[in-house]
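We use all heavy atoms of the structure for the numbers below, so side chains are in, but hydrogens, waters and symmetry mates are not. Residue indices begin at 1 and follow the sequence shown.
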Amino acid sequence: MNVALFIPCYVDQFYPQVGIATLRLLEKLGVQATFPMQQTCCGQPMANAGCEQDSIPVYHNYVRTFADYDYIVAPSASCVYHVRKHFNIIEQTPAVQHVRERTFELVQFLTDVLGITSIEAEFPFRVGLHLSCHGQRGLRLATDSEQTPVRDGQISRLLKQVKGLELVDLGRYDECCGFGGAFCITEAAVSARMGQDRVQDHVEHGAQVITGGDMSCLMHMEGIVRRRKLPVRVMHVAEILTAENKL
C-alpha cells in the first residue's frame, strides 16, 4: 500500500506535534507513509474567502503531488472534505478523480480502509469529543442530532477502546464550535461566543481533555481555554491514540 501523508497548513505551522503523532500512529499500525515535500495547501482558505479561482493552481499542485499514491491521509476532515467536494471545478482527469476518491481523513482511513476497531493505547483521563462540522455532516463520520438521537461515530468508537479513557457525555454533542475558517474573522463576536459555549459544555461535564479530528476547531477552543485559564487540555485524537498514560 503506497500511502502519502498530507499535513494541513495550520498543523504544519502551529501544531507540528499533530503531524508527528499522525505519522507515528500510521507506523504503529504497520503503514509506512511518505511525506511528499512538494505539498503545500489544499486551497481551502482562498476558496472560503471567495477567491476560489485563485486557488486552482493550488488544486493542480495537490493533484500532481499525490496522483501516484494509493491513498492520501490527512489529520483534518475539513481539508479532506475540500479536496473531495471542491476539486470538482477543475477538469476531471483520471488523476483528479483519483485524488478526490483516495484522500481520507485519518480516522476514516483507519476504520474504513484498514478495518481498525481498536488501538493499543493508554490514556486515563476524562475526554470530551468535539465533532467538527466537516467531519460529521460533510464526511458523515458520526451521527447528528437532526437525524437520530443515537450518539455514534468512528472517532468515539476508537476512543472508547483506549485503556483508562472515559468519554464524557456532553449536553450538546454535535454543536459547532464557531470557528468556521473565515467566519471567525468576519463574524468574530458570534464565533467567539459559540466557542465559549462549546468549551463550557466540556468543562461543565468534567472533561480534562477536549479532543477531535480537526485541529482548526481545536485551535479555536484552545484559544478560549488559554484566555480563560481553564483547567482543560486540548489534543488532537492522533495524540491520544499514540499516548502512553500521560498528558
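For the pair Val107/Leu141, no side-chain contact is recorded, criterion being any heavy-atom separation below 4.5 Å from C-beta on. Side-chain contact between Ile72 and Tyr62 is present, with heavy atoms from C-beta onward closer than 4.5 Å. Residues His205 and Asp169 are not in side-chain contact: their nearest non-hydrogen atoms beyond the backbone lie 4.5 Å or more apart. Contact of the Ile119 side chain with the Val162 side chain is not registered, since no non-hydrogen atoms from C-beta on lie closer than 4.5 Å. For the pair Leu165/Phe125, no side-chain contact is recorded, criterion being any heavy-atom separation below 4.5 Å from C-beta on. The side-chain heavy atoms of Pro8 and Cys42, taken from C-beta on, include no pair separated by under 4.5 Å. Side-chain contact check for Tyr59 versus Ile89: some heavy-atom pair is nearer than 4.5 Å. By the 4.5 Å heavy-atom criterion applied to side chains, Cys176 and Met194 are counted as neighbours.
With sequence neighbours excluded, the residues that form a salt bridge (charged side-chain N to carboxylate O under 4.0 Å, His left out) with Arg172 are Glu175. Checked against side-chain contact (heavy atoms from CB on, under 4.5 Å), Val168 has the following partners two or more places apart in sequence or in another chain: Arg126, Leu170, Ala207. Remark: Asp152 pairs with Arg157 by the side-chain hydrogen bond (donor to acceptor under 3.5 Å, both in side chains) rule, at least two apart or across chains. Ala95 pairs by the side-chain contact (heavy atoms from CB on, under 4.5 Å) definition with Val63, Ala67, Thr93, not counting sequence neighbours. Annotation: side-chain contact (heavy atoms from CB on, under 4.5 Å) contacts of Gln147 (sequence neighbours excluded): Arg140, Asp144. For Thr40, the side-chain hydrogen bond (donor to acceptor under 3.5 Å, both in side chains) partners at least two apart in sequence or on another chain are Asn61. In terms of the side-chain contact (heavy atoms from CB on, under 4.5 Å) criterion, residue partners of Ser118 (sequence neighbours excluded) are, by chain and number, Gln161.
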Check: Can you list the steps and then say if Glu52 with Ile56 is a side chain to side chain contact (heavy atoms under 4.5 Å, CB included)?
Finding: CA-CA 7 Å; Glu52 189 161 42; Ile56 288 177; 5.6 Å; no

Notebook entry, point to check: Taking it one step at a time, do Tyr71 and Asn2 satisfy side chain to side chain contact (heavy atoms under 4.5 Å, CB included)?
Noted result: CA-CA 7 Å; Tyr71 295 97; Asn2 190 16; over 6 Å; no

Margin query: Under the criterion side chain to side chain contact (heavy atoms under 4.5 Å, CB included), I'd like the reasoning laid out for Thr117 against Thr111: C-alpha separation, chi angles, the key distance, then a yes or no.
Written below: CA-CA 7 Å; Thr117 57; Thr111 57; over 6 Å; no

Next item on the list: For the pair Phe6 and Phe35, evaluate ring pair (Phe, Tyr, Trp, His ring centres under 6.0 Å) and give the outcome as yes or no after the intermediate values.
Entry: CA-CA 7 Å; Phe6 172 57; Phe35 182 84; 8.9 Å; no

Checklist line | Evaluation steps, side chain to side chain contact (heavy atoms under 4.5 Å, CB included), between Ser76 and Glu105 | finding: CA-CA 6 Å; Ser76 167; Glu105 184 271 337; over 6 Å; no

Next item on the list: Show the numbers, then the answer: is there a side-chain hydrogen bond (donor to acceptor under 3.5 Å, both in side chains) between Gln39 and Thr65?
Entry: CA-CA 6 Å; Gln39 65 178 276; Thr65 300; over 6 Å; no

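Classification of the His82-Phe87 ring pair by plane angle, with boundaries at 30° and 60°, yields perpendicular. Ring geometry for His86 against Tyr81 counts as perpendicular: the plane angle is over 60°, on a 0 to 90° scale with 30° as the lower cut.
The salt bridge (charged side-chain N to carboxylate O under 4.0 Å, His left out) contacts involving residues 199-208 comprise Arg198-Asp201, where partners must be two or more places apart or lie in separate chains. Pairs of residues two or more places apart, or lying in two chains, that qualify as salt bridge (charged side-chain N to carboxylate O under 4.0 Å, His left out) and include a residue from residues 222-231 are Glu222-Arg226. Residue pairs meeting the salt bridge (charged side-chain N to carboxylate O under 4.0 Å, His left out) criterion with at least one member in residues 181-197, sequence neighbours excluded: Arg193-Asp197. Listed by first and then second residue, the salt bridge (charged side-chain N to carboxylate O under 4.0 Å, His left out) pairs that reach into residues 59-71 come to none, sequence neighbours excluded. Listed by first then second residue, pairs satisfying side-chain hydrogen bond (donor to acceptor under 3.5 Å, both in side chains) with a partner in residues 17-34 number zero, not counting sequence neighbours.
Of the inter-residue distances, the one linking His220 atom NE2 with Cys217 atom SG reads 8.5 Å to the nearest 0.5 angstrom. Put simply, CD on Gln154 and CG on Leu110 are 9.5 Å apart, with the number rounded to the nearest 0.5 Å. To the nearest 0.5 Å, atoms CD (Gln136) and OG (Ser145) are separated by 7.5 Å. Note: Ile7 CD1 to Cys79 SG = 10.0 Å, rounded to the nearest 0.5 Å. Put simply, SG on Cys177 and NE2 on His130 are 4.0 Å apart, with the number rounded to the nearest 0.5 Å. Going from atom CD1 of Ile240 over to atom CD of Glu122 covers 13.5 Å, rounded to the nearest 0.5 Å.
Nearest heavy atoms, His98 versus Phe66: CD2-O, 4.5 Å. The two residues Asp214 and Ala77 make their nearest non-hydrogen contact at OD2-CB, 3.0 Å. For the residue pair Ser156 and Leu167, the shortest heavy atom distance occurs at CB-CD2, 3.9 Å. Heavy atoms only, all atoms of each residue included: Gly213 and Ile155 are closest at N-CD1, 3.9 Å. Scanning all heavy atoms of the two residues, the minimum distance from Tyr173 to Thr143 falls at CE1-O, 3.8 Å. Nearest heavy atoms, Val18 versus Pro75: CG1-CB, 4.3 Å.
Although no hydrogens or angles enter the test, the distance criterion places a donor-acceptor pair under 3.5 Å between the side chain of Gln97 and the main chain of Gln92. With hydrogens and angles ignored, the 3.5 Å screen pairs a side-chain donor or acceptor of Ser191 with a backbone N or O of Gly178.
Residue Glu120 qualifies as open at atom CD: its count of foreign heavy atoms under 6.0 Å is 12 or below. By the neighbour-count criterion of 12 heavy atoms within 6.0 Å, atom CD of Gln38 is densely surrounded, having more than that number from other residues, nucleotides or ligands. Atom CD of Glu91 is surrounded by 12 or fewer heavy atoms from other residues, nucleotides or ligands within 6.0 Å.
Ring centroid separation for the pair Tyr10 and Tyr15 does not come in under the 6.0 Å cut-off. Aromatic rings from Phe183 and Phe179 are positioned such that their centres are separated by 6.0 Å or more.
With hydrophobic clusters built from ILVMFWY side chains whose heavy atoms lie under 4.5 angstrom apart, Tyr69 does not share a cluster with Val3.
Contact check on Arg151 versus Asp174 returns no salt bridge, with no Lys/Arg side-chain nitrogen under 4.0 Å from an Asp/Glu carboxylate oxygen.
Annotation: cation-pi geometry satisfied between Arg84 and Phe104 (NZ/CZ under 6.0 angstrom from ring centroid, within 45° of ring axis).
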